[in-house]
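Everything on this sheet refers to the single structure shown next.
First the proteins, then the strands, lettered A, B, ... as listed; each starts at 1. These numbers come from the heavy atoms of this one structure, side chains and all, not from hydrogens, waters or symmetry mates.
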Number of protein chains: 2
Amino acid sequence: MKNEDEPKDKRPKGGDAQKLTMAEVAKYVGVSAMTVSRAFRQDASVSEETRKRIMEAVDALGYVIDLSAGSLSSRRSGFIAALVPSINNSNFSDTARGITDALENTGLQLLLGYTDYAAEKEEKLIEAMLRRRPEGIILTGGSHTDRARRMLDKAGIPVVETWEIPEEPINHVVGFSNSEAMSLLVRTLASQGYRRFGYIGGTTARDTRGSQRRSGFLKTVDELGFGPGRAISFGVPPITMEQGGQAVMSLLERWPDTEVVLCVSDLSAFGAIMECKRRGMRVPEDIAIAGFGDYEISSICHPSITTINVDCYGIGRQAAVRLLDALQAGGEATGDEIILTGYRVVLRESTDRSAR
Amino acid sequence: MKNEDEPKDKRPKGGDAQKLTMAEVAKYVGVSAMTVSRAFRQDASVSEETRKRIMEAVDALGYVIDLSAGSLSSRRSGFIAALVPSINNSNFSDTARGITDALENTGLQLLLGYTDYAAEKEEKLIEAMLRRRPEGIILTGGSHTDRARRMLDKAGIPVVETWEIPEEPINHVVGFSNSEAMSLLVRTLASQGYRRFGYIGGTTARDTRGSQRRSGFLKTVDELGFGPGRAISFGVPPITMEQGGQAVMSLLERWPDTEVVLCVSDLSAFGAIMECKRRGMRVPEDIAIAGFGDYEISSICHPSITTINVDCYGIGRQAAVRLLDALQAGGEATGDEIILTGYRVVLRESTDRSAR
DNA sequence: GGACAAAATGGTATCGATAACAATCTGACG
DNA sequence: CGTCAGATTGTTATCGATACCATTTTGTCC
């Protein structure tokens with residue numbers, strides 16, 4: 001049996017491994033712990049002189065305040081949770097950046113998670129997040145499991161759904177209609193003379209925004225009287241560039257006279273364009289292709305890609321601001337509200353009609 | 001003056017806004033709070049029957065455990081912190097994904113931050129992270145401010161530096177030599193007959209990996225006797241595709257007979273290639289271009305881009321595993337160690353010599 | 001100089017879980 | 001049937017900060 005008296009400190013390394021507490025800093029300075037606590041918050045009333053002495057001591061000792069202790073007694077975790085489908089998708093990482101930027105200097109920290117486009121994973125993540133008692137939560141989309149909804153309701157914190165307009169919003173919404181955005185793109189291209197439209201993008205419930213774009217496409221093509229829409233779907237999200245290439249080929253195989261192909265995202269559009277070029281087809285002369293999302297690549301590549309520009313960063317920023325407002329108001333005055341973010345068609349070379 | 005007796009609950013909404021505690025769940029079930037606490041952990045000894053009853057109550061009441069309270073007394077936050085330069089860069093988001101995946105089912109949660117390639121921002125973030133008492137921390141690169149180093153040392157938690165081999169590692173390292181990787185690319189292309197090498201990528205201290213690639217380039221070109229390297233730099237990281245395009249033009253203006261241009265990343269390489277094509281130059285016939293990082297785009301675009309494939313995901317995964325090992329060992333046996341991750345040259349169309 | 005408001009500081013209880021130890025229960029075995 | 005180890009459950013103190021209220025100090029004004 002081991003000697004029970006052996007040192008218990010098993011920290012990997014680190015100089016003086018004693019754990020400093022506020023009380024020790026206080027003793028060192030000759031004030032009470034409460035005063036040290038106040039010194040760490042700007043608004044609290046501590047004389048400049050005392051604060052200075054305390055901060056010098058903090059520096060000298062290398063003290064780092066422990067927020068988890070504080071949040072227990074103050075009942076404010078200082079966390080905001082945000083869930084995005086994928087962190088590898090620059091549209092969503094732009095949104096994450098918008099959130100982070102809006103949170104700067106608010107004393108709030110972001111807890112980020114990614115759901116992999118799966119509602120069950122979202123449910124798990126929501127639970128994991130709620131265990132940290134976030135003061136608010138930002139979600140992508142409006143499609144959640146029942147249990148997730150119940151947990152969110154019970155948590156009693158402001159919720160912001162983003163990137164789309166849910167049929168039954170939980171609380172606040174910052175987004176746009178993916179269906180209408182895609183519809184706008186169809187109409188814009190139709191006004192340029194295109195008639196035979198194709199579409200690439202799944203129907204899967206995993207990517208609700210993708211499904212909405214697809215239905216917006218089909219509905220609009222129908223309304224315009226351009227016959228039944230030619231839509232094919234493929235794999236599960238996230239859709240790769242390569243899949244975009246495969247998809248455009250099966251689409252053209254099935255409907256060889258397609259004039260223009262709209263894609264669920266720029267990434268699949270890019271893959272489609274590259275595959276066409278590889279096969280010797282010219283874009284837009286032989287086939288026009290458009291995307292969605294206005295990724296960096298679309299303005300750079302050759303031909304540049306017609307797309308819908310979405311204010312990804314703004315969605316994140318506004319969602320965070322909305323949350324901050326709600327927190328400020330203590331949840332009283334602020335009614336649930338839907339904030340519509342803008343989008344616009346960006347016409348580029350890949351659908352240039354004059355090139356035909 | 002307001003009536004002090006008015007309800008204090010200002011929660012936004014939420015059904016029964018009472019905050020449940022473990023004690024209440026315990027009372028409901030008819031056991032002690034301690035037993036409920038045990039039921040939440042797999043290993044703890046609670047009879048199956050009791051656990052089942054407790055979990056049913058948890059479900060019925062909608063109780064969500066409060067980890068911040070638990071971590072205070074258990075002195076284990078359940079957090080791992082990770083800092084990456086940018087979340088929009090898919091190389092780094094792959095690394096983040098690797099970390100997250102490795103943490104799955106460990107009960108540890110990731111606190112992610114991005115430094116914007118700035119050491120001062122890294123310092124701030126490290127402090128913000130340490131306030132949450134993470135059990136370990138994963139950093140990108142080995143370049144940190146003095147204060148950051150002191151804080152990390154004082155924190156006494158395992159540190160893993162990634163994506164490069166620091167001269168003075170803090171603790172653990174999972175990465176590769178960016179300089180040698182670039183050197184390998186130069187030698188490989190030299191063996192194909194290329195002689196007049198150009199380079200695009202900054203020297204800034206912000207992007208140490210970029211600087212290492214650059215110096216690896218210059219050193220190798222020099223060693224091979226191919227005269228002084230032709231290197232130009234531009235803007236601050238993160239480098240955009242567009243900047244890649246601008247850079248290749250100024251490089252060719254200055255050294256018009258350059259045969260092959262190596263870029264600090266695939267993104268700038270892509271921008272460079274597109275700009276060349278836009279100007280009517282053929283790649284690789286007129287000018288060969290290579291990148292670094294093997295982003296998705298490089299295998300898809302036309303011409304496909306020669307690059308260095310880096311195990312981004314594996315870096316994250318291994319870094320996390322290393323951390324878990326260190327935590328397991330309680331910091332005893334595990335010496336600081338450098339784990340080298342692989343990389344390899346991927347030759348593609350953009351440097352295809354036979355096309356000339 | 002005294003009165004009084006405002007500023008600055010301190011003391012104590014507490015947030016909600018878990019560690020550590022104590023107590024009780026269960027079943028196996030001689 | 002008694003004993004004892006192991007399984008199960010309970011009790012109390014505590015993690016490290018902050019809320020709340022009490023107290024002391026400072027400054028202003030007549």
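Put simply, B:Arg41 has a side-chain N or O that comes within less than 4.0 Å of OP1 or OP2 on C:dA19. For B:Ser47 and D:dA7, the shortest distance from a side-chain N or O to OP1 or OP2 is not below 4.0 Å. At least one side-chain nitrogen or oxygen of B:Tyr63 sits closer than 4.0 Å to the OP1 or OP2 atom of C:dA17.
Atom pair B:Ile54:CD1 and D:dT9:P shows a separation of 8 Å (rounding to whole Å applied). Computed from coordinates, the A:Arg38 CZ to D:dC20 P distance equals 12 Å when rounded to whole Å. Atom pair A:Lys27:NZ and C:dG10:C1' shows a separation of 16 Å (rounding to whole Å applied). As a whole-Å value, the separation of A:Glu24 CD from D:dC15 P is 11 Å. Remark: C1' of C:dA17 and NZ of B:Lys19 are 16 Å apart, rounded to the nearest angstrom. The interatomic distance linking A:Asp66 (CG) with D:dT14 (C1') rounds to 14 Å, in whole Å. The interatomic distance linking B:Lys52 (NZ) with D:dT8 (P) rounds to 16 Å, in whole Å. Distance CG (A:Leu61) to P (D:dG16): 16 Å, rounded to an integer number of Å.
Looking at B:Arg149 and B:Glu168, no side-chain N of the basic residue comes within less than 4.0 Å of a carboxylate O on the acidic one, giving no salt bridge.
Atom CZ of A:Arg76 has 12 or fewer heavy atoms from other residues, nucleotides or ligands within 6.0 Å.
A side chain to side chain donor-acceptor pair (under 3.5 Å) with B:Thr145 is found for exactly one of B:Glu123, B:Lys124, B:Arg150, namely B:Glu123.
Between B:Thr35 and A:Ile65, it is B:Thr35 whose nearest contact on DNA chain D lies nearer the 5' terminus. Across the interface with DNA chain D, nearest-nucleotide mapping of A:Met22 and B:Ser45 shows B:Ser45 to be the residue nearer the 5′ end.
Closest non-hydrogen pair, B:Ser68 versus B:Ser71, comes out as O-OG, 3.1 Å.
Using a 4.0 Å heavy-atom criterion, one finds that B:Arg131 contacts no nucleic acid atom at all. Residue-level contact check: B:Ser32 touches the bases, meaning some heavy atom is under 4.0 Å from a base atom. The residue B:Phe40 sits apart from the nucleic acid: no heavy atom pair falls under 4.0 Å.
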May I have the list of side-chain donor-acceptor pairs in residues 78-89 of chain A shorter than 3.5 Å, sequence neighbours left out?
unit_1: A:Ser86; atom_1: OG; unit_2: A:Asn88; atom_2: N; d: 3.0
unit_1: A:Ser86; atom_1: OG; unit_2: A:Asn89; atom_2: N; d: 3.4
unit_1: A:Asn88; atom_1: ND2; unit_2: B:Asp94; atom_2: OD1; d: 2.4
unit_1: A:Asn89; atom_1: OD1; unit_2: A:Asn91; atom_2: N; d: 2.8
unit_1: A:Asn89; atom_1: OD1; unit_2: A:Tyr295; atom_2: OH; d: 2.9
unit_1: A:Asn89; atom_1: ND2; unit_2: A:Tyr295; atom_2: OH; d: 3.0

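Formation of a donor-acceptor pair under 3.5 Å by the B:Thr162 side chain with backbone atoms of B:Ile315 is not found in this model.
The stretch residues 67-77 of chain A touches DNA chain C through A:Leu72, A:Ser73, A:Arg75, each having a heavy atom under 4.0 angstrom from the strand.
For B:Arg51, the salt bridge (Lys or Arg N to Asp or Glu O under 4.0 Å) partners at least two apart in sequence or on another chain are B:Glu48.
Residue-to-nucleotide contacts include no donor-acceptor pair under 3.5 Å from the side chain of B:Arg133 to the base of D:dG16.
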